[in-house]
Amino acid sequence: MASDIHIRQLELVGRDKAEYMTSLFRSVLGFPKEGINFRDFMPILEDAKGLQILLEGLEKALPVPADSFDSVAGLEARGFLFGPALAARLGKGFIAVRKAGKLPPPVIGEDYTLEYGQARVEVESDAVSSGERVLIVDDLIATGGTAKAAADLIRKCGGTIAGFSFVMQLEGLDGIDSLGPYPTSTLVSMPA
């Protein structure tokens with residue numbers, strides 16, 4: 001395990017499993033640009049045992065009981081990799097929150113600001129029912145911009161936010177604080 005990865009709620013699966021999963025993280029210095037230490041969790045998905053531990057960890061660390069939400073919304077692109085599997089384990093439907101222009105019309109969208117410009121997320125106009133309780137999942141919480149935009153989008157569609165679930169949290173960026181009072185869980189954390 002990389003010494004700077006802190007096992008947080010992943011401990012719920014047991015220390016040995018948690019250490020096994022975190023040993024699969026790969027660090028890529030200078031990607032996507034100089035000064036960034038990119039944390040690649042794709043090797044976890046490639047490893048059957050690692051993937052099982054990831055899904056078990058996400059389920060055990062849910063920020064709210066499973067009966068307090070109706071569906072799981074995954075953020076493009078990495079939330080698509082484990083969000084549907086988590087939804088299936090919990091007996092829930094899956095909502096795809098996509099980048100602009102990836103879904104057929106009609107769609108509902110939400111614009112948001114990134115550190116380097118503007119972006120937009122969208123869902124199909126009938127993806128969220130009025131009053132539907134949604135758990136938002138993604139691989140990483142950093143500044144929180146995309147997750148907050150997804151929450152705003154779900155609310156715009158008439159849904160309510162049950163909470164947020166992330167695999168990784170970058171420490172020192174206050175992304176979780178930007179999401180407001182919603183229950184939030186992260187499996188591991190590491191320096192930004």
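Note that the structure is a prediction, hence the values are computed from the model and not measured. Quick note: numbers below take in every heavy atom, side chains included, and nothing from hydrogens, waters or symmetry partners.
You'll find the side chain of P106 stays beyond 4.5 Å of the side chain of E124, heavy atoms only. Looking at T186 and I141, their side chains come closer than 4.5 Å, going by heavy atoms from C-beta outward. At least one side-chain heavy atom of F25 sits less than 4.5 Å from a side-chain heavy atom of I5. The shortest distance between side-chain heavy atoms of L10 and T22 falls below 4.5 Å. Using a 4.5 Å heavy-atom threshold, the side chains of L140 and F41 count as separate. Side-chain contact between V107 and S125 is absent, with no heavy atoms from C-beta onward closer than 4.5 Å. In this structure, I7 and L187 have side chains that are not in contact, with every pair of non-hydrogen atoms separated by 4.5 Å or more.
The salt bridge (Lys or Arg N to Asp or Glu O under 4.0 Å) check on R133 picks up D70, with sequence neighbours excluded. By the side-chain hydrogen bond (donor to acceptor under 3.5 Å, both in side chains) test, Q52 is found to be paired with no residue, residues two or more places apart in sequence or in another chain being considered. Residues forming a side-chain hydrogen bond (donor to acceptor under 3.5 Å, both in side chains) with K156 (at least two apart in sequence, or on another chain): E110. Residues satisfying the salt bridge (Lys or Arg N to Asp or Glu O under 4.0 Å) test with K99, not counting sequence neighbours, are none. Applying the ring pair (Phe, Tyr, Trp, His ring centres under 6.0 Å) rule to F38 yields the partners F31; only residues at least two apart in sequence or on another chain are considered. The side-chain hydrogen bond (donor to acceptor under 3.5 Å, both in side chains) check on D47 picks up Y20, with sequence neighbours excluded. Shown here are the side-chain hydrogen bond (donor to acceptor under 3.5 Å, both in side chains) partners of R89, two or more places apart in sequence or in another chain: E59. Taking K17 as the reference, E56 meet the salt bridge (Lys or Arg N to Asp or Glu O under 4.0 Å) condition, with sequence neighbours excluded. For E132, there are no salt bridge (Lys or Arg N to Asp or Glu O under 4.0 Å) partners at least two apart in sequence or on another chain.
By the 6.0 Å contact criterion, NZ on K102 is open, its count of non-hydrogen atoms from other residues, nucleotides or ligands being 12 or less.
If you chain together hydrophobic residues whose side chains sit under 4.5 Å apart, V28 and L45 never meet in one group. Using a 4.5 Å cut-off between side-chain heavy atoms of Ile, Leu, Val, Met, Phe, Trp and Tyr, with links allowed through other members, Y112 and L103 fall into different hydrophobic clusters. Cluster annotation: L54 and L86 are assigned to the same hydrophobic cluster (Ile/Leu/Val/Met/Phe/Trp/Tyr, side-chain heavy-atom contacts under 4.5 Å, transitive). A continuous path of hydrophobic side-chain contacts links V13 to L24 [ILVMFWY only; heavy atoms under 4.5 Å]. Using a 4.5 Å cut-off between side-chain heavy atoms of Ile, Leu, Val, Met, Phe, Trp and Tyr, with links allowed through other members, L12 and V188 fall into different hydrophobic clusters.
Although no hydrogens or angles enter the test, the distance criterion places no donor-acceptor pair under 3.5 Å between the side chain of S185 and the main chain of P183. Proximity of a side-chain donor or acceptor of E122 to a complementary backbone N or O of A100 within less than 3.5 Å is not detected.
Legend: salt bridge (charged side-chain N to carboxylate O under 4.0 Å, His left out) pairs involving residues 137-153, not counting sequence neighbours, sorted by first then second residue: R78-D139, K148-D152, D152-R155.
One finds the OG1 atom of T146 at 12.0 Å from the CG atom of L153 (value rounded to the nearest 0.5 Å). The structure places CE of M42 at 5.0 Å from CG of L81, a figure rounded to the nearest 0.5 Å. L135 CG to Y182 OH: the interatomic distance, rounded to the nearest 0.5 Å, is 13.0 Å.
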Next item on the list: Carefully, step by step, assess K92 and D67 under the rule salt bridge (Lys or Arg N to Asp or Glu O under 4.0 Å).
Entry: CA-CA 10 Å; K92 310 291 182 182; D67 63 0; over 6 Å; no
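Smallest separation of non-hydrogen atoms from A73 and V134: CB-CG1, 3.6 Å.
There is a side-chain donor-acceptor pair under 3.5 Å between T113 and Q118.
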For residues 157-176, which side-chain N or O atoms pair as donor and acceptor with protein atoms under 3.5 Å away, sequence neighbours left out?
residue, atom, partner, partner atom, Å
E171, OE2, H6, ND1, 2.8
E171, OE2, S189, OG, 2.7

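I36 forms part of no hydrophobic cluster, judged by ILVMFWY side-chain heavy-atom separations under 4.5 Å.
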